[in-house]
Structure formats: structure tokens, C-alpha cells
Amino acid sequence: MQSPLPVRNGVNATRLRLPRTGSWATVAEYLLERFGHVDPEGILRRFDDQQIVGLGGVPLTRQTPLGEHEFIWYYRTLPVEAPIPFEAKILHQDEHLLVVDKPHFLPTTPGGRFIQESALVRLRNQTGIDDLVPMHRLDRATAGVILFAVNPQTRGDYQMLFERREIAKRYKAVVALQPGEGLETGRVLQPNGEHSQVKSQSELRELLAGMPLAFENRMTKVKGQLRSVVEDGQPNAQTLINVEAIGTSSGFHAGVEVALMDLEPRSGKTHQLRVHLASLGLGIINDAFYPRLWDLAPDDYQRPLQLLAHTISFTDPLTGIERSFSSEQQLLESPQLSSALLNGAELP
């Protein structure tokens, strides 16, 4: 259902479904009971200023009876947001697609305490394209390539690529092979969230020596819970996992032996790559969710999650041309190539 209100400051108007009947004589009474604890005078001002509308953009008044409208639209009062000190870089733009290299910590879409500080709202304001819509999402903690649709008339053609799983994605991740402060080296994510098992360094190296590996398990994500859960049963998530390089980190964990992993998801479950690596005892460096949940803390810009959506490839549905876009970012904890064992070399 299309909003009768235009995008404002990069943000869509909020849509609210009203009850058809109830103890409220008017829409205003219903809104005051539901939201009046926040700003009752502000709600009434919105009616007086014709800032609450129904289908077709018809303004509601304080006297509009409940039941006359099924949906209403209005603009949210935007919160004061602390700036996220990183910018999304536009990699490509044409009349149908905008391809962006998103930094760590920046959410893809607005929500919660991040509205203006989201990739979508920033890009709408930057480009002036109010119809901009992301074709897929990355977690706020994950950096990398995202596709945005520019043209509503061709948006569905690109959406079908995702629905038919005709998009190929490759990710990079850095995992620790030695213990260190703040590292979960070797700790295994077990079914139902247990994490008591810890693999030794020799077991981790043996695991890497046997790659590439097609790892699969069964995952579920319960609405309202932070983490996905590994369950027993028929697998519904698969990732092709390989090791690209081994060496020492030069980032926050400088001197620690790390591995740069190459990941190809064959399904699209929430937190799939993070869960799969943690299930092997190769938890991604700075992952606050897996293999165990860390205490809530402010963002540490020196320690981003070491996961990057590196490349996305597909056959363009409009031209039939093969297209591929890659991130220009590097993971901070990546092994120094001068001392790394590259993929194809034997592991000691």
C-alpha cells in the first residue's frame, strides 16, 4: 500500500492500522490512549496542523470518528542521534541500481535509535532519490556491498533474483587461531546456545587443513530474541567455507595468529555465517553474539566485527549482462600477507 505522504528528510511516513471498533469515539481518543503518555499535546497539534492523513491524503481532525479509516499516516518525531563516523561509498549508480559499500556500525535501514544514521536515509538525502529501496540487508555490525533499487518500475525484476536465489555472494571473515584478550578462540557454539566445548589450536589447524568444507545445520530465529538458535533436525542452512590466508594480525589484536576465511552462503538464514563459523570453533573476531552473548556495551569503533560482504554477482535481468561488484574495504584484523600462508599452500 503506497503512502499518501512523500518521503521527508529521507524517511518514510509511518503507517498505523486502526481498530475498526472499540471504546473510543474518535481516532484522536484512540491515539491519546495509546500514545498520550509520550506527548498528548503534540498528538492534538498534529490533527490541528493536518499532519495525520488517511488513504488518499485526506486529513483527519480531532473529531474524525473511529472506523472511518483503516490506516493513517504521519511523520515520526525523529530522535536526536549520535553521528556514526563512517560513510557508505557509492560503487556504482545507474538508472536502475545503486551499489554501496557500507561501513561497519551503520544500519542498512532506519529503526530503533538509528533513523537518520542509516544507510538508506543517508543515501536518499545524498542522492535525492526518494524511491531508493535496499534489495537486501546487512547487519549493522557487518560491512560490505549492498544493492539498492532506484527505479520502482524495474525494482521487481531485481527482487526476483533474490527470491529465485540467482544472486551469488562471497564474504570474508577473520578468525583467531591463538588465544588472546577478548577472543573466543576455539570455543564451539553448540545446539541450544551452549558453548562449553573449546577446540585446541592443533584441532583448529587440522580443521583448516581439511578445507574447503560445505557446512550445514538447522537454524531458527525467534522474533524478539537477539540470536539465532542451532537445533537438531533436517539442515536448512549451508555455507561453503574455505581458508584464504593465515598469518598474524596487525590490527587491535596485533601479533595474534589469524585466518582470513572465504565464505559462500548457499542459503540466507539470519546470522548464518556467524553461527556456522562459531559452530566449528572458528568464531569471528569481535562477534558479540556468537559463540556466546557478550554484555551490552557501547560501540567500540576500534573493534568492528570482522565480517565483510565482499562480492555480489548476478546476471542483470534487464540486459542479460553478467555483473559483479566488490567491496573496497579491508578487514582490520586480516593477516599480514608478508607472513601469510595463502590458499593452496600446505598448512604446517
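The residues of the chain are indexed from 1 along the displayed sequence. Only this structure's heavy atoms are used, side chains among them; waters, hydrogens and symmetry mates stay out. Remember, predicted model here, so these are calculated numbers, not experimental data.
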For the pair Leu78 and Gln116, evaluate side-chain contact (heavy atoms from CB on, under 4.5 Å) and give the outcome as yes or no after the intermediate values.
CA-CA 8 Å; Leu78 299 181; Gln116 293 291 331; 3.2 Å; yes

Determine, stepwise, if the pair Asp262 / Arg170 fulfils salt bridge (charged side-chain N to carboxylate O under 4.0 Å, His left out).
CA-CA 7 Å; Asp262 181 79; Arg170 296 183 80 100; 2.5 Å; yes

Hey, could you give me the [atom1]/[atom2] distance between [X] and [Y], rounded to the nearest 0.5 Å?
{"X": "Leu18", "Y": "Thr64", "atom1": "CG", "atom2": "OG1", "answer": "10.0 Å"}
{"X": "Leu331", "Y": "Ile285", "atom1": "CG", "atom2": "CD1", "answer": "9.5 Å"}
{"X": "Leu161", "Y": "Ile167", "atom1": "CG", "atom2": "CD1", "answer": "4.5 Å"}
{"X": "Leu147", "Y": "Met135", "atom1": "CG", "atom2": "CE", "answer": "8.0 Å"}
{"X": "Thr26", "Y": "Leu60", "atom1": "OG1", "atom2": "CG", "answer": "10.0 Å"}
{"X": "Leu263", "Y": "Thr239", "atom1": "CG", "atom2": "OG1", "answer": "7.0 Å"}

Counting neighbours of [atom1] on [X] that are heavy atoms of other residues, nucleotides or ligands and sit closer than 6.0 Å, is the number greater than 12?
{"X": "Asp232", "atom1": "CG", "answer": "no"}
{"X": "Arg17", "atom1": "CZ", "answer": "no"}
{"X": "Glu166", "atom1": "CD", "answer": "yes"}
{"X": "Glu203", "atom1": "CD", "answer": "yes"}

I'd like to check [X] versus [Y] (side-chain heavy atoms, cut-off strictly below 4.5 Å). Are they in contact?
{"X": "Val230", "Y": "Arg218", "value": "no"}
{"X": "Leu332", "Y": "Pro304", "value": "yes"}
{"X": "Leu91", "Y": "Leu98", "value": "no"}
{"X": "Glu206", "Y": "Leu204", "value": "no"}
{"X": "Gln93", "Y": "Val99", "value": "no"}

Under 3.5 Å, side chain of [X] to main-chain N/O of [Y], donor-acceptor pair present?
{"X": "Asn125", "Y": "Asn9", "result": "yes"}
{"X": "Lys172", "Y": "Met261", "result": "no"}
{"X": "His104", "Y": "Ala141", "result": "yes"}
{"X": "Ser267", "Y": "Lys269", "result": "no"}
{"X": "Ser279", "Y": "Val275", "result": "yes"}
{"X": "Arg46", "Y": "Tyr75", "result": "yes"}
{"X": "Glu333", "Y": "His253", "result": "yes"}
{"X": "Gln238", "Y": "Pro265", "result": "no"}

Applying side-chain contact (heavy atoms from CB on, under 4.5 Å), run through Val121 and Arg124 and close with a yes or a no.
CA-CA 5 Å; Val121 173; Arg124 282 177 172 174; 5.6 Å; no

If you take all heavy atoms of [X] and [Y], which pair is closest and at what distance?
{"X": "Lys221", "Y": "Leu226", "result": "CE-O, 3.6 Å"}
{"X": "Thr248", "Y": "Gly255", "result": "CG2-O, 4.0 Å"}
{"X": "Asp101", "Y": "Ser327", "result": "OD1-OG, 2.9 Å"}
{"X": "Gln197", "Y": "Gln190", "result": "N-OE1, 3.1 Å"}
{"X": "Thr108", "Y": "Lys102", "result": "OG1-CD, 4.0 Å"}
{"X": "Gln272", "Y": "Met219", "result": "CA-CE, 3.7 Å"}

Steps toward side-chain contact (heavy atoms from CB on, under 4.5 Å) verdict (Val150, Thr127):
CA-CA 10 Å; Val150 172; Thr127 64; over 6 Å; no

Give every residue pair that meets the ring-ring contact (aromatic ring centres under 6.0 Å, His included) criterion with at least one member in residues 265-289, sequence neighbours excluded.
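Checked against ring-ring contact (aromatic ring centres under 6.0 Å, His included) - neighbours excluded - the pairs reaching residues 265-289 are Phe215-His276, His271-Phe289, His271-Tyr290.
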
Would you list the pairs meeting ring-ring contact (aromatic ring centres under 6.0 Å, His included) in which at least one residue belongs to residues 134-161, sequence neighbours left out?
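Qualifying pairs, neighbours excluded: His136-Phe162.
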
What do the steps show when you test Leu318 against Thr154 for side-chain contact (heavy atoms from CB on, under 4.5 Å), and what is the final call?
CA-CA 8 Å; Leu318 303 181; Thr154 58; 4.0 Å; yes

Stacked cation flag Arg323 on Phe314, 6.0 angstrom / 45 deg
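So Arg323 doesn't make the cation-pi contact.
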
State plainly whether the residues [X] and [Y] are in salt-bridge range, i.e. N to O under 4.0 Å.
{"X": "Asp48", "Y": "Arg62", "answer": "yes"}
{"X": "Asp299", "Y": "Arg140", "answer": "yes"}
{"X": "Glu328", "Y": "Lys89", "answer": "yes"}
{"X": "Arg122", "Y": "Glu87", "answer": "yes"}

Under the side-chain contact (heavy atoms from CB on, under 4.5 Å) test, residues paired with Glu257 that sit two or more places apart
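For Glu257, the residues satisfying side-chain contact (heavy atoms from CB on, under 4.5 Å) (neighbours in sequence not counted) are Leu177, Gln178, Arg205, Ile246.
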
Test log, rule side-chain hydrogen bond (donor to acceptor under 3.5 Å, both in side chains), inputs Thr270 and Arg227:
CA-CA 9 Å; Thr270 302; Arg227 306 202 305 168; over 6 Å; no

Regarding His96 and Arg155, do their side chains bring together a donor and an acceptor under 3.5 Å, going by distance alone?
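Absent: no donor and acceptor within the cut-off.
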
